[in-house]
Structure formats: C-alpha cells, structure tokens
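Right, one structure below, let's go through it.
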There are 2 protein chains.
Amino acid sequence: MDIKASSELKPGVNLPASGTVSTINDVARLAGVSIKTVSRVMNNEPNVRAETRVKVQEAANLLHYRPNLLARSLAGARSFLIGIFYDNPNPSYINAVQNGAIRRCRESSYHLLIEPQDAHSPDLERNIAGLLATIRLDGVILTPPLCDMAVVLHAVEAAGVPYVRISPFLNPGRSPIVRMDEARATYEMTQHLIAMGHRDIGFVLGHPEHGGTHLRYQGFTKALSEAGITPRPDWVKQGFFSYESGIEAGKSFFADGKPRPTAIFSSNDYMAFGIMGVAQQMGIRIPEDISICGFDDAPGSILIWPHVTTIRQPVEDIAYAAADILLAKAEVEDEDGTKRDTDRMLPFELIKRNSVGPV
Amino acid sequence: MDIKASSELKPGVNLPASGTVSTINDVARLAGVSIKTVSRVMNNEPNVRAETRVKVQEAANLLHYRPNLLARSLAGARSFLIGIFYDNPNPSYINAVQNGAIRRCRESSYHLLIEPQDAHSPDLERNIAGLLATIRLDGVILTPPLCDMAVVLHAVEAAGVPYVRISPFLNPGRSPIVRMDEARATYEMTQHLIAMGHRDIGFVLGHPEHGGTHLRYQGFTKALSEAGITPRPDWVKQGFFSYESGIEAGKSFFADGKPRPTAIFSSNDYMAFGIMGVAQQMGIRIPEDISICGFDDAPGSILIWPHVTTIRQPVEDIAYAAADILLAKAEVEDEDGTKRDTDRMLPFELIKRNSVGPV
DNA sequence: GTATGCCCTGCCAGCGCTGTCAAAAAAGCA
DNA sequence: TGCTTTTTTGACAGCGCTGGCAGGGCATAC
C-alpha cells in the first residue's frame with residue numbers, strides 16, 4: 001500500500017478494513033515509534049518532538065485510531081466518566097441538567113452516566129456506594145433533593161469521589177456548589193408586581209422540605225417590607241410545588257365573599273397553572289382581575305393562556321458549570337480563582353409575559 | 001480480627017477500612033481460593049462446589065467487594081454499558097425513554113450512557129463511529145429521528161454494535177424494533193369521535209418528515225371511510241408538531257364565516273394546545289362548541305383547561321423493551337420466540353378527558 | 001486393577017493502555 | 001572538543017479482571 005503522507009511512515013503495514021478497531025499498537029507500528037510515544041501524543045503530553053508528533057498523528061488518522069476508554073481508565077488514574085445522581089420528577093429540569101453537563105463533558109471527551117435514584121429507598125446509601133465501587137467515576141453531580149441528603153453526601157465522600165452540588169440548601173461549604181440567587185429572583189419579581197401598582201399580593205409557598213421554598217419566600221417578604229407593605233398572613237398559602245396544590249391554593253384564594261389580592265406570586269409555575277385553571281373556571285380574568293406569576297419557566301408556561309410571567313433558571317448553564325468544576329480540577333488554579341470555583345452563582349432572568357398586568 | 005463466618009475463611013487477612021475498594025485478589029485470599037474461582041462465583045458460572053461458592057460469597061460480603069466494571073470490560077467480551085442516541089427536543093419523551101432503559105439495565109447491572117446527537121450535524125456519522133470505537137458498548141438504542149437516518153444505521157452497523165430502534169419509519173426488518181401501533185391509535189380515537197356524534201372532523205397533520213405523521217393520518221382516514229364519512233380536504237391542515245403550527249391551524253379553522261368542523265383531531269398535543277389557545281381567545285368554547293383531541297399525552301395536557309383527550313404512548317415500556325432485547329441477547333431463544341423479539345408492538349391507551357364532548 | 005470421563009480448581013496469558021524509570025539523543029556550556 | 005544538562009524515547013510492569021486450558025480428584029466402567 002502506498003502511503004503518501006509527508007513523513008516517513010513505516011511501509012508494509014496493513015491499513016484497517018472499514019469497521020475494524022485499531023489499537024495503539026497498530027499506530028505505533030505504522031508510525032515506527034513505541035506505544036508509549038503514541039500514548040504521549042494522544043494525551044497531549046509535552047516532551048515529544050514536533051516531527052514525531054506529526055508522524056504519530058498521521059498514523060492515527062490513517063488508522064482511524066480512537067483510544068480505548070476502558071483500557072485508559074484501567075491503566076490510568078481517570079475514568080473519563082462523570083455521573084449525575086438525581087431524583088426529580090421534572091423531566092424538563094433533568095433534561096436541561098443533562099444537556100448542560102454533557103455539553104461540558106464533550107469539551108474534554110468525557111462521558112456522562114445518568115443515575116436516577118430513589119431518594120426514599122432505604123438502600124440509597126448502599127446503592128450509591130456500590131455504584132461508586134463498581135465504576136470509578138471522576139466526579140459526581142448531585143441535584144436536589146439528593147444534594148441535601150446526609151446519606152448521599154456520606155456515600156460519595158466515603159468513596160472519595162469529587163462532587164459538586166446544584167442548588168443545595170444545607171451544608172454550604174461542604175462541597176463546591178452551583179446555584180442561582182433564588183431570593184433575589186423573587187425579590188425582583190415582587191418589585192415588578194409592586195411597580196405595576198400591586199400592593200395586595202398573595203403568595204403560595206413551595207414544598208416545605210425543599211430548600212428553594214424558604215429562599216423564595218425570603219425575597220418576597222423583603223421586597224414587600226422595603227415597599228412598606230405588610231403581608232397578610234391569610235394570603236400566604238402552603239403549597240407543595242404540584243399542580244394540585246396550586247388548585248387548592250386557588251380555591252382558597254377565590255372562595256366567595258372573601259377579599260382577594262390583586263396579584264398572586266406562586267413559588268413555581270405548576271402551582272401557578274393550577275391557580276390559573278381555578279380562576280378561569282370561576283370567570284376571574286387574568287390579568288384584568290388578578291395578576292399571577294410563577295417561577296421556573298416550565299415548558300407549560302407558554303402553552304397556557306395567558307402566558308405566564310415567571311423566572312427562568314439557567315439550569316443548563318448551572319449544570320455546565322457543575323461539570324466544569326469537576327473537569328477543571330486538574331487544571332491550575334489562578335491566583336484568586338480558587339474561591340470562585342467553590343460557589344458559583346449564575347444569573348436568573350425575569351420573563352414578563354401576559355399573566356401579570358397593572359392594577 | 002475474629003471472623004465468625006460459618007465457613008473457614010483464611011484468618012489474618014485485614015478487613016477493609018471504610019471507603020477502601022477491595023479487589024478480586026483480596027477476596028480470593030480471604031476465601032482461600034484462586035482469583036479465577038472468585039470470578040466464577042461473581043459471574044454465577046457453573047462448576048463451583050456449593051461449599052466453595054458460599055465461602056467466596058461470605059468473603060466478598062465481608063470485604064464489600066464489587067467487581068470493577070472497567071476491568072471486567074477490558075478483559076471480557078462485555079462492557080456492561082449500553083448507549084442511547086437521540087436528537088429529540090421533547091424532554092418528557094427523552095426522560096421516559098431513559099427511565100425505561102435504565103429500569104431494564106439495573107436488572108442486569110448494566111449502566112446507561114446517554115448520547116444526544118445533532119441530527120443535522122455533518123459530523124454525525126463520524127461522531128457516532130468515534131464514540132463506538134472509544135467505548136465498546138454492548139448495545140445501542142436509537143430513537144426517532146436518528147433511527148431513520150441512513151448514516152446513523154451505517155455507523156452503528158459498521159461498528160458491529162447490536163442496536164434496537166424505537167418507532168422507526170424506514171427500513172423495517174433491518175434491526176429489532178419496538179413501537180406502538182400509531183395507526184390503530186388514531187383509528188380508535190377517530191371512532192371515539194364518531195361515537196360521540198361527530199361527522200365533521202378536521203385533522204392537523206404532523207411534520208411531513210416524521211414517520212408517525214403518515215401512520216396517524218392513515219388511521220384517521222380509515223375510521224372515517226369505514227363510517228361512510230368523506231373527509232373534506234380543506235379540513236386537513238398541515239402542521240409541524242409545534243405549538244406555533246397549532247396556532248396557525250387553529251386560525252385557519254376558525255376564520256370568520258367559514259363553516260367549521262365539530263371536532264378537530266390534532267396529530268400531537270402541542271398543536272392541540274395551540275388550537276385550543278386560539279379557540280379560547282375567539283370565545284369558542286371547548287368542548288361545547290368544538291371538540292379537540294391530541295396525541296402523546298404531553299405533560300401539558302392536564303395543565304391546560306379543559307384537559308386534553310389524547311393517546312398515551314407507553315414510552316417508558318417501549319424503552320424498557322428495547323433495552324430488554326439488547327440485554328437478553330445472550331439468553332437462549334425459546335422455540336418460537338425469536339420472531340417476537342425482532343418487532344415488539346406495545347399497546348397504547350386512549351385517555352378520555354374534557355376536551356372532547358358530544359355534538 | 002486400570003481406563004474413561006466428569007467435575008472442580010488454579011495457572012497463565014493478556015485485554016489496551018498508562019506510570020515509572022532508565023537509556024538514548026539532543027542541546028547547552030566551558 | 002568533551003562534558004553536563006535537558007529533552008526525547010522506549011522497556012517494562014502492571015491496572016483488575018476473564019478466557020483458555022491443564023491438572024487433580026473422584027466416580028463410574030471395563
């Protein structure tokens with residue numbers, strides 16, 4: 001076979017049939033160097049002569065060589081795999097997290113293993129420990145609610161696997177964290193309502209065991225008190241982030257004869273959908289009779305009419321940042337950059353649509 | 001350390017500190033057998049004396065031994081990894097597919113690698129080929145639209161990796177397939193509309209390049225003609241599966257002065273949402289003035305009011321079945337079961353909610 | 001008694017690659 | 001030029017496990 005490459009590759013070596021997997025050995029032989037040198041080139045290690053590097057790369061291209069991930073993992077210190085653990089019923093959230101993490105993984109030729117877990121399983125800790133013993137992951141991303149569970153943190157720490165938590169509520173400082181300023185988001189949204197002339201504002205709380213719930217309420221009350229408005233306790237309803245609990249809250253707000261607020265801030269979009277459904281059936285117009293806003297920018301918020309004014313979390317970017325922290329571990333830390341990496345806060349976006357109007 | 005186990009384990013072997021990973025070697029030493037015997041026990045291979053088996057299992061438990069997946073993969077023929085390729089913007093669909101596949105994977109201690117791909121990338125084939133060369137997957141699941149792309153099939157076949165396609169449109173018989181009877185689903189839904197007294201029924205087509213589009217329309221026309229109804233061509237609108245195209249279709253149906261159908265069958269839920277939004281804004285009541293049904297049972301279909309009558313695809317079960325075909329490969333084929341595995345058809349569910357009513 | 005076969009077990013090689021270390025080549029220096 | 005230092009390269013030993021095989025023990029058959 002005639003090889004036209006510029007450098008002098010070893011002749012007489014068979015080129016691969018289509019679909020054949022070539023090994024580092026094949027490349028070494030073609031390039032006329034040792035396996036180790038090929039390894040160096042493939043890993044971008046220094047101390048390889050430029051000329052040699054080119055020769056090896058040509059051979060690798062010719063053979064369509066791709067290093068075997070398994071073998072690399074076994075021999076080396078890295079597995080080129082990171083995992084993401086979650087127990088979250090919200091597909092669009094999970095999807096965004098996965099996409100963000102994968103985007104970062106691809107930049108470093110890493111792969112993502114998804115590991116949904118049952119947060120209520122008594123075997124949770126054992127499952128995670130077993131998994132981490134079976135596959136030596138280079139890092140793990142933890143999302144709510146797992147990121148706030150002691151057994152989960154313990155299992156991951158015991159395995160000695162680096163991890164990053166997304167939007168955790170408990171144990172700040174225990175690990176690197178990526179999140180969004182939820183309190184500030186509700187604060188600004190509340191200011192927006194006030195700017196539209198609303199002073200009678202109701203609030204629907206999220207699930208009490210979920211960290212975001214408290215932060216979101218904090219921002220709400222802060223904006224209120226800064227505007228000199230005293231919140232009415234009977235206009236703060238307990239919800240659980242579900243559509244159904246939104247319906248309950250809506251019924252409670254719109255019960256006959258009771259005075260009702262001119263705006264309702266729902267701690268997430270699903271509950272807002274529920275409230276809006278109740279309003280619609282009772283002939284209460286949105287936003288003419290009442291303004292309603294949500295949180296999360298769930299996919300449904302532009303499906304429903306009117307479209308819902310809400311807060312968009314940059315979920316994908318958050319996950320990207322989480323993966324970035326994990327994968328950048330080996331890189332040099334710049335003088336003042338160390339701190340930044342342990343707690344990244346990403347910006348939110350207030351999305352004004354049609355469900356909020358002036359008083 | 002005092003070992004109380006019933007069988008005579010070798011004394012004097014250090015038990016592991018918490019968080020330590022023990023290897024097959026440790027187990028072999030503790031149990032007083034060779035590495036190979038431990039391997040046999042861990043893989044449930046025959047020809048191990050019951051007594052020996054127990055001894056090994058005790059040692060493994062004591063040491064919290066978990067076989068190293070990477071090493072197993074490298075030495076053996078299997079990687080214990082399957083992959084799923086997709087390019088689908090619908091998070092709830094992807095989530096369901098992932099969950100179904102993972103459920104089956106866990107039954108065989110397999111893991112799932114997710115690989116979103118850009119169907120329009122010119123590098124698609126190269127990306128897939130490279131990926132499959134890097135990680136030797138034991139199987140691959142392909143979802144629409146990738147499962148109908150020649151370059152994708154070619155890349156997977158060239159790598160010699162077994163694959164299963166979910167709901168493909170093209171090339172039946174080229175690989176095992178799992179799907180749902182979409183034509184039958186629209187057929188039955190149409191019959192349902194007819195049973196409610198509707199004879200003037202509009203239809204919104206899906207994206208012309210998507211396989212399901214044609215099948216769904218087939219079922220619709222079949223039911224119509226069986227009922228002696230001639231469909232009006234001007235009541236069949238082209239849509240593209242998007243919310244926006246639903247809005248367009250709705251505007252077209254509800255244009256002033258034109259006669260309109262008493263029911264509209266939308267090829268998916270998102271378009272139905274769009275149609276319903278238009279109706280709502282024009283004061284057309286659902287289902288009193290017009291009935292509307294969709295397809296897919298998208299999460300939004302119970303968020304919107306009225307809730308949408310639709311078809312539920314057992315997406316998770318379909319993915320479970322796809323993974324099952326891949327993982328069951330090594331198992332014996334029963335006398336007549338071979339054929340069954342190459343094309344599994346799962347049942348759909350017609351979900352009657354409030355968006356469809358009698359004429 | 002010896003031969004035949006089966007069951008159980010262990011030895012050895014090696015999967016494809018990286019880490020370590022030493023040797024060889026090149027470069028720097030007096 | 002001859003020496004030291006640095007850069008570049010390769011030999012070798014595994015990573016933890018499985019596949020192939022051979023060997024030992026034991027039961028059955030002749």
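Quantities reported herein were computed from a predicted structural model and do not represent experimental measurements. Throughout, a chain's letter reflects where its sequence line sits, starting with A, and its residues are numbered from 1.
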Nucleotide of [options] approaching [X] most closely (side-chain heavy atoms):
X: A/Arg40; options: D/dC17, D/dT9, D/dG19; result: D/dT9
X: B/Ile24; options: C/dT18, D/dG16, C/dT9; result: D/dG16
X: B/Asn43; options: D/dT9, C/dG16, D/dT18; result: D/dT18
X: A/Ala75; options: C/dC17, C/dT20, D/dT9; result: C/dC17

For atom CD1 of B/Ile135 and atom C1' of C/dC17, their distance in whole Å
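Whole-Å distance recorded here is 15 Å.
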Looking across every strand, which nucleic acid part, if any, lies under 4.0 Å from [X] by heavy atom: base, sugar-phosphate, or nothing?
X: B/Ser73; result: nothing
X: A/Ile35; result: base
X: A/Pro46; result: nothing

Under-4.0 Å side-chain N/O to phosphate OP1/OP2 contact, [X] with [N]:
X: B/Asn25; N: D/dG16; answer: no
X: B/Asn68; N: D/dG16; answer: no
X: A/Thr52; N: D/dT9; answer: yes
X: B/Arg49; N: C/dT9; answer: yes
X: A/Thr37; N: D/dG10; answer: yes

Ignoring hydrogens and geometry, is there a side-chain-to-backbone donor-acceptor pair from [X] to [Y] under 3.5 Å?
X: B/Thr23; Y: B/Asn25; result: yes
X: B/Asp138; Y: B/Phe80; result: yes
X: A/Asn43; Y: A/Glu45; result: no
X: A/Thr134; Y: A/Gly130; result: yes

Residue met sooner reading DNA chain D from 5', once B/Thr23 and A/Ser34 are mapped to nucleotides
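Closest to the 5' end, via its nearest nucleotide, is A/Ser34.
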Estimated bend of the helix from C/dG1-D/dC30 to C/dA30-D/dT1 (axis per five terminal pairs, rounded to 10 degrees)
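Between the first-five-pair axis and the last-five-pair axis there is 50°.
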Which residues pass the salt bridge (charged side-chain N to carboxylate O under 4.0 Å, His left out) test with A/Arg103, sequence neighbours left out?
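In terms of salt bridge (charged side-chain N to carboxylate O under 4.0 Å, His left out), with neighbours along the sequence ignored, A/Arg103 is linked to A/Glu316, A/Asp317.
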